[in-house]
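Heads up, the thing below is written out as structure tokens.
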Amino acid sequence: MAKYLILIYESEQVWESASEEQWQAAMVEHERFTQQVPEQGGKILGGEALQPTSTATAVRGDVVTDGPFVETKEALGAYYVVEARDLDHAIALAKLCPAGTGGVELRPIMEVDG
């Protein structure tokens, strides 16, 4: 099995004004996703939601600044690390991942020995 990173990009503005019901609905979708992955033969190795980009600290060499490096309409808001048989399997799992106001990016994780 290969490891893949599913990066979830969404609009931060939508979540800044989200109601408790919207948050709960999103949590239900993510819970369903965590159940679907093993049902589809994959495995979730980890994942977390991230604080908003306004809490980010950008480090470029010796320069440290508050906030994100670039302005975007969608920001990285969460991720999952999954195991999948191959890229096609990982794509099928990524299609199940909720990202209601945006989308996901799928990246293979490089295996580095040593």
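Just so you know, these numbers come straight off a predicted model, no measurement behind them.
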Residues Ile109, Val81; criterion side-chain contact (heavy atoms from CB on, under 4.5 Å); working and verdict: CA-CA 9 Å; Ile109 294 177; Val81 179; 3.7 Å; yes
Derivation of the side-chain contact (heavy atoms from CB on, under 4.5 Å) call for Val104 and Tyr80: CA-CA 10 Å; Val104 303; Tyr80 287 101; over 6 Å; no
Could you walk me through whether Glu74 and Glu12 pass side-chain contact (heavy atoms from CB on, under 4.5 Å), step by step? CA-CA 7 Å; Glu74 295 176 343; Glu12 286 188 311; over 6 Å; no
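One distance of note links NE2 of His30 with CD of Gln36; it measures 11.5 Å at 0.5 Å rounding. Note that CZ of Arg107 and CD1 of Ile6 are 13.5 Å apart. Values are rounded to the nearest 0.5 Å. Atom CE of Met1 is separated from atom NZ of Lys43 by 8.0 Å, given to the nearest 0.5 angstrom.
Here the side chain of Gln40 pairs no donor or acceptor atom with the backbone of Val37 at under 3.5 angstrom. Panel note: side chain Thr101, backbone Ser11; a donor-acceptor pair is recorded below 3.5 Å. The backbone N or O of Gly100 sits less than 3.5 Å from a side-chain atom of Glu10, completing a donor-acceptor pair. Without hydrogens or angle criteria, Thr53 side chain to Ala56 main chain gives no donor-acceptor distance under 3.5 Å.
Contact record, Leu7 with Tyr79: CD2-CB, 4.3 Å, taken as the closest heavy-atom pair. Nearest approach of Ala78 to Ala49, heavy atoms of both residues: CB-CA, 3.8 Å. Looking at every heavy atom in both residues, Pro38 comes nearest to Gln35 through CD-O, 3.4 Å. Residue Ile8 comes nearest to Cys97 through the heavy atom pair CD1-SG, 3.5 Å, listed as atom of the first residue, atom of the second, then distance. Scanning both residues, Ala84 and Leu93, for their nearest heavy atoms gives CB-CD1, 4.1 Å.
With sequence neighbours left out, Leu87 forms a side chain to side chain contact (heavy atoms under 4.5 Å, CB included) with Tyr4, Ile91, Leu106. With sequence neighbours left out, Gln24 forms a side chain to side chain contact (heavy atoms under 4.5 Å, CB included) with Glu20.
With hydrophobic clusters built from ILVMFWY side chains whose heavy atoms lie under 4.5 angstrom apart, Leu96 shares a cluster with Val82.
By the 4.5 Å heavy-atom criterion applied to side chains, Thr57 and Thr65 are not counted as neighbours. At least one side-chain heavy atom of Glu83 sits under 4.5 Å from a side-chain heavy atom of Leu45.
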